[in-house]
Q: 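Take this structure, written in structure tokens, and hold onto it; I'll ask about it next.
We use all heavy atoms of the structure for the numbers below, so side chains are in, but hydrogens, waters and symmetry mates are not.
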Amino acid sequence: MTKTASVPPSGQGASAGPALHRQVVQRLGERIVGGGYPSGSTLPSEEVLGHEMGVSRTALREAVKVLAAKGLLKARPRIGTRVQPVSAWNMLDPEVLAWRCAADPGGDMLRQLGEIREIIEPNACMLAARNRDAEDLRALERACDAMRASQVIEQWVAADLQFHVAVLEATHNELLIPLSSVIGSALGMLLGVSARRADTFKEALDDHLRIFEAIREQDQRAAFMRMRRLLADTRRRLE
């Protein structure tokens, strides 16, 4: 009698591998960035680390490859896997940015992220005023409506981030648009800190509406100046 191979029910086990892999990357990345494994140190052996994290060597090796691509680790034969100096880390990687901000909330990383925003966003806003189309205006208007309708700070932060992403997309510049995903996670944290330090988290609503108006009217100078003013106010709250 021929035996029928046992097939697991649909959906079971299909995502366990990738999910476990992402979990190991997350846990190990947070530990490295948080200083659990200082720069220059060597990670424990695969046997020790795998036992500690409750994962197989295969899952651990795959996670190390991902973190090596982000510049955090470097594996060398007969030496082991070493933590790279901070200068080698890919700081524009969304996960690395998020781990850095989580490890030092309100610290240097948020300050530096704010400085990058002040360099990029006013000029992006000016470009958006020049290049925006009807769909861009609808996206900005939806973000403004969501900010206006927000009842709790989490809703405000999500809508605020939606607005700034829409500004970058309205530039229609293929080199600027990816920044929305690159800094999105860390920018959300910065906006949350800024909003919590405001008298009310809707304090900046009028500033966003004025920026939207300048982009809609294609007033490039006004768009630049209004975004610069908004970011200056954000910096003062963070300080």
Q: Are Arg210 and Glu213 within salt-bridge range, i.e. N to O under 4.0 Å?
A: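 No.
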Q: Around Arg228, counting heavy atoms of other residues, nucleotides and ligands shown, do more than 12 lie under 6.0 Å from its CZ?
A: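 No - once you tally the heavy atoms of other residues, nucleotides and ligands closer than 6.0 Å, there are 12 at most.
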Q: Between atom CG of Leu179 and atom CD of Glu121, what is the distance when rounded to the nearest 0.5 Å?
A: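 The distance works out to 9.5 Å.
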Q: Apply the side chain to side chain contact (heavy atoms under 4.5 Å, CB included) test between Leu28 and each candidate in Val55, Val33, Leu49; give the one that qualifies.
A: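 Exactly one pass, corresponding to Leu49.
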Q: Run through the side-chain heavy atoms of Ile, Leu, Val, Met, Phe, Trp and Tyr, join any pair under 4.5 Å, and report what else lands in Met225's cluster.
A: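 Traced through the cluster, Met225 reaches Met126, Phe224.
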Q: For Arg61, which residues count as a salt bridge (Lys or Arg N to Asp or Glu O under 4.0 Å) partner, sequence neighbours excluded?
A: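 Salt bridge (Lys or Arg N to Asp or Glu O under 4.0 Å) check on Arg61 returns Glu46.
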Q: Is it the case that the side chain of Thr171 and the backbone of Val167 share a donor-acceptor pair, with hydrogens and angles ignored and the cut-off at 3.5 Å?
A: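 Answer holds: no.
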Q: When clusters are formed by joining ILVMFWY residues with side-chain heavy atoms under 4.5 Å apart, either directly or through shared neighbours, do Val165 and Ile177 land in the same one?
A: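 No: no chain of side-chain contacts under 4.5 Å links Val165 to Ile177.
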Q: Would you give the length of the straight line joining atom CG of Leu176 to atom CD of Glu174, rounded to the nearest 0.5 angstrom?
A: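 Atom-to-atom, Leu176:CG and Glu174:CD are 11.0 Å apart.
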Q: Return the minimal non-hydrogen interatomic distance between Gly50 and Leu60, and the atom names on each side.
A: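 Scanning both residues completely, I find the closest heavy atoms to be N-CD2, 3.8 Å.
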Q: Could you measure the distance from the CZ atom of Arg76 to the OG1 atom of Thr42? Nearest 0.5 Å is fine.
A: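 Answer rounded to 0.5 Å: 9.5 Å.
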Q: Distance from Leu73 atom CG to Arg82 atom CZ, nearest 0.5 Å?
A: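 Result: 12.5 Å between the selected atoms.
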Q: If the threshold is 4.0 Å, N to carboxylate O, is there a salt bridge linking Arg142 and Asp145?
A: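 A salt bridge is absent here (no side-chain N lies under 4.0 Å from a carboxylate O).
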Q: Yes or no on side chain to side chain contact (heavy atoms under 4.5 Å, CB included) for Asp160 and Met147, after CA distance, side-chain angles and deciding distance?
A: CA-CA 6 Å; Asp160 197 354; Met147 282 190 283; 4.3 Å; yes
Q: Is there a donor-acceptor pair closer than 3.5 Å between any side-chain N or O of Trp89 and the backbone N or O of Gln84?
A: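 Yes, Trp89 side chain to Gln84 backbone: donor-acceptor pair under 3.5 Å.
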Q: So His21 and Val24, do their side chains get closer than 4.5 Å, heavy atoms only?
A: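 Side chain of Val24 against side chain of His21, heavy atoms only: no contact under 4.5 Å found.
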Q: Identify, with sequence neighbours excluded, every residue that meets salt bridge (Lys or Arg N to Asp or Glu O under 4.0 Å) alongside Glu30.
A: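 With sequence neighbours excluded, Glu30 shows a salt bridge (Lys or Arg N to Asp or Glu O under 4.0 Å) to no residue whatsoever.
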Q: Less than 4.5 Å apart, any side-chain heavy atom of Val86 and any of Arg100?
A: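 Answer yes - side chains close enough.
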Q: Has the side chain of Glu141 got a donor or acceptor atom that lies under 3.5 Å from a matching backbone atom of Leu137?
A: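 Answer holds: no.
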Q: Is any side-chain heavy atom of Leu72 closer than 4.5 Å to a side-chain heavy atom of Tyr37?
A: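 Contact flag for Leu72/Tyr37 side chains = no.
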Q: Is there a side-chain contact between Ile211 and Cys125, using heavy atoms and a 4.5 Å cut-off?
A: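 The answer is yes, as the side chains (C-beta and beyond) meet within the 4.5 Å cut-off.
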Q: Is the closest basic N to carboxylate O distance between Lys70 and Glu95 below 4.0 Å?
A: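 Answer for the salt bridge query: yes.
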Q: Please test His164 against Arg117 for side chain to side chain contact (heavy atoms under 4.5 Å, CB included), starting from the C-alpha separation and ending with a verdict.
A: CA-CA 10 Å; His164 290 275; Arg117 293 185 67 199; 3.1 Å; yes
Q: Using a strict cut-off of less than 4.0 Å between a Lys/Arg side-chain nitrogen and an Asp/Glu carboxylate oxygen, indicate whether Arg132 and Glu217 qualify as a salt bridge.
A: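 No.
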Q: Would you check, one step at a time, whether the test side chain to side chain contact (heavy atoms under 4.5 Å, CB included) holds for Met227 with Leu230?
A: CA-CA 5 Å; Met227 178 62 81; Leu230 172 65; 4.1 Å; yes
Q: For a 4.5 angstrom cut-off between non-hydrogen side-chain atoms, does Leu205 reach Trp156?
A: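 Yes, at least one pair of side-chain atoms sits under 4.5 Å.
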Q: Under 3.5 Å, is there a donor-acceptor pair between the side chain of Asp219 and the main chain of Ile215?
A: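 Looks like no, no N/O pair under 3.5 Å.
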Q: So, do Met91 and Val96 sit near enough that their side-chain heavy atoms are less than 4.5 Å apart?
A: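 Yes; the side chains approach each other to less than 4.5 Å.
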Q: I need the minimum non-hydrogen distance between Pro85 and Ser39, along with the two atoms involved.
A: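 Scanning both residues completely, I find the closest heavy atoms to be CA-OG, 3.7 Å.
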Q: Is any side-chain heavy atom of Val66 closer than 4.5 Å to a side-chain heavy atom of Arg22?
A: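 A side-chain contact under 4.5 Å exists here.
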Q: Is any NZ, NE, NH1 or NH2 atom of the basic residue among Glu135 and Arg138 found under 4.0 Å from an Asp or Glu carboxylate oxygen of the other?
A: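 Counted as a salt bridge, because a side-chain N and a carboxylate O are separated by less than 4.0 Å.
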Q: Test question: given the 4.5 Å side-chain rule for I, L, V, M, F, W and Y, name all other residues clustered with Val152, or answer none.
A: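 Reading the cluster by chain and number, Val152 sits alone, since nothing else belongs.
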Q: Any pair with a residue in residues 50-59 that passes side chain to side chain donor-acceptor pair (under 3.5 Å), sequence neighbours left out, goes on the list, sorted by first then second residue, please.
A: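 Qualifying pairs: Arg31-Glu52.
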Q: Tell me every residue that passes side-chain contact (heavy atoms from CB on, under 4.5 Å) with Asn90, counting only those two or more places apart in sequence or in another chain.
A: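 In terms of side-chain contact (heavy atoms from CB on, under 4.5 Å), with neighbours along the sequence ignored, Asn90 is linked to Leu92, Asp93.
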Q: With heavy-atom distances below 4.5 Å as the criterion, would you say the side chains of His208 and Leu140 are in contact?
A: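 Not touching, per the 4.5 Å side-chain cut-off.
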Q: Measuring from Lys65:NZ to Leu67:CG, what's the distance to the nearest 0.5 Å?
A: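 Between atom NZ of Lys65 and atom CG of Leu67 there are 13.0 Å.
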Q: Which pair of non-hydrogen atoms, one from Leu20 and one from Ala59, has the smallest distance, and what is that distance?
A: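 Distance-wise, the nearest heavy atoms are CD2-CB, 4.3 Å.
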Q: Nearest 0.5 Å please: distance from the CG atom of Asp136 over to the CG atom of Asn131.
A: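 It is 9.0 Å, given to the nearest 0.5 Å.
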Q: Determine yes or no for a side-chain-to-main-chain donor-acceptor pair under 3.5 angstrom, with Lys202 supplying the side chain and Arg148 the backbone.
A: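 Answer holds: yes.
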